[in-house]
Amino acid sequence: MAPELKAVTGPVTLGEGPHWDHEEQALYFVSIFDYTVNKYVPETGKHTKAKLEGMPTFIIPIEGKKHHFAISLNRKVVEIEWDGEENTAKVVRTIAEVDQDVPNNRFNDAKADPRGRLFAGTMGHEYAPGKFDLKKGSLYRIDPDGSTHKLATDIDISNGLCWDLDEKAFYFADSFEYTIRRYDYDVNTGNISNPRNVFAYKDHQLEGIVDGMTIDTDGNLWVANFDGNRVLKIDPKKGKLLEKIPIPALQVTSATFGGPALDVLYVTSACMNRGEEQLPPAGSTFKLTGLNAKGHPNNYVRFQ
Ligand SMILES: O=C(O)[C@H](O)[C@@H](O)[C@H](O)[C@H](O)CO
Ligand SMILES: [Zn+2]
């Protein structure tokens, strides 16, 4: 079966942070530059959004607390309450604040690990379209009690983030290194160690940068190739490029598995006009089927 692609939402400026809520059978994502959190329900086709005061870069449901989510707003992680309707989201409290010494930084990609800890990275200020203060970002782990641990520094743009429990691996990307980094991961402590690069774009003549990624049940990565019009399927254990799947958007930003059987890949994209106009369907969220791969249910965060 050849992969099939369909745009399931209209365009947003910078779609990011897709999270499939398996219990609810709904896809959450953000549009960073529109300041919105978004929800798409495949069963009804309904796409709603709510505007916030600041840049959200991820939205992850809080376990056991219906309609409550951890999101970022610039350098803060906050809890919001949102029933999924148009413009009804309210900030409830601040969970953490980071990078106080670099006030123009903001959060970027983040995920919950298998124990509900939040792994969230930051990035430097975008002072002109596509131009960033480099090496200003860090990677943090924010535990369920709200304690914040700095895991890595000198990061340009934090992206990627997924775990392979069988391999005891955590995968991460600092986008402007054009590589995928692997750490050893201890699920009991949440500690990461021993970073090394397991895949480099330059070895495979790939253009663009490494953006968000997810992992399938075979341990292969599905990587958004920003400025590359595609999603890449990569075997990080062998450092092999397995597949290149074209997406009708230059700025492909992230991907996650969803659907009742977790065999649908939802792919977010952007239409930031940085010199050349990005026309629809660029900026849409796409659905890819027929990939012969399945994901794991996305983890919730467990903030107390
Ligand atoms: O998608 C992301 O992870 C960031 O939020 C974006 O800002 C892009 O990485 C950046 O625009 C690349 O040039
Ligand atoms: Zn990203």
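Order of listing sets the numbers, starting from 1, for every ligand and every atom in it. For this chain, numbers begin at 1 and follow the sequence in order.
Within the 4.0 Å heavy-atom criterion, the part of Arg106 lying near ligand 1 is the side chain and not the backbone. Proximity of Ile32 to ligand 1, defined as any heavy-atom pair under 4.0 Å, is confined to the side chain (atoms from C-beta onward). Here Asp211 has side-chain heavy atoms under 4.0 Å from ligand 1, and that is the only part of it that gets that close. Here Asp227 has no heavy atoms under 4.0 Å from ligand 1, in either its backbone or its side chain. Looking at Arg274 against ligand 1, only its side chain comes within 4.0 Å, counting heavy atoms. With a heavy-atom cut-off of 4.0 Å, Glu16 touches ligand 1 through its side chain alone.
Considering backbone and side-chain N/O atoms, Asn159 comes within less than 3.5 Å of an N/O atom of ligand 1. The shortest N or O to N or O distance between Ser158 and ligand 1 is not under 3.5 Å.
Among the heteroatoms counted here (N, O or S) of Asp211, OD1 is the one nearest to the Zn ion (ligand 2). Glu16 contributes OE2 as its N, O or S atom closest to the Zn ion (ligand 2).
The pair Lys131-Asp133 fails the salt-bridge criterion, with no side-chain N (NZ, NE, NH1 or NH2) lying under 4.0 Å from an Asp/Glu carboxylate O.
Shown in contact with Met272 at under 4.0 Å from a heavy atom are these atoms of ligand 1, numbered in order with element: 11 (O). Using a 4.0 Å cut-off to heavy atoms of Phe226, the atoms of ligand 1 that qualify are 11 (O), 12 (C), 13 (O).
By the neighbour-count criterion of 12 heavy atoms within 6.0 Å, atom NZ of Lys237 is densely surrounded, having more than that number from other residues, nucleotides or ligands.
Of the protein's non-hydrogen atoms, the one nearest atom 10 (C) of ligand 1 is Phe132 CZ, 3.6 Å.
Within the set Ile209, Asn108, Val30, Val210, the minimum heavy-atom distance to atom 5 (O) of ligand 1 is found for Asn108.
One distance of note links OH of Tyr28 with CH2 of Trp82; it measures 6.5 Å at 0.5 Å rounding. Going from atom OG1 of Thr285 over to atom NE2 of His47 covers 6.5 Å, rounded to the nearest 0.5 Å.
For the Zn ion (ligand 2), the set of nearby N, O or S atoms under 2.8 Å includes one belonging to Asn159.
Between Ile247 and Val231 the shortest side-chain heavy-atom distance falls below 4.5 Å.
In summary, of the residues considered (Trp163, Tyr140, Phe172), a ring pair (Phe, Tyr, Trp, His ring centres under 6.0 Å) with Phe119 occurs for Trp163 alone.
The distance between the ring centers of Phe29 and Tyr266 does not fall below 6.0 angstrom. Taking the ring centroids of Phe257 and Trp20, they lie at or beyond the 6.0 Å cut-off.
A donor-acceptor pair under 3.5 Å is formed between the side chain of Asp164 and the backbone N or O of Glu167.
Using 4.0 Å as the threshold, Gln251 has no heavy atom nearer than that to any atom of ligand 1.
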Problem set entry | Test log, rule salt bridge (Lys or Arg N to Asp or Glu O under 4.0 Å), inputs Lys39 and Glu24 | CA-CA 11 Å; Lys39 179 178 185 181; Glu24 211 193 341; 2.6 Å; yes
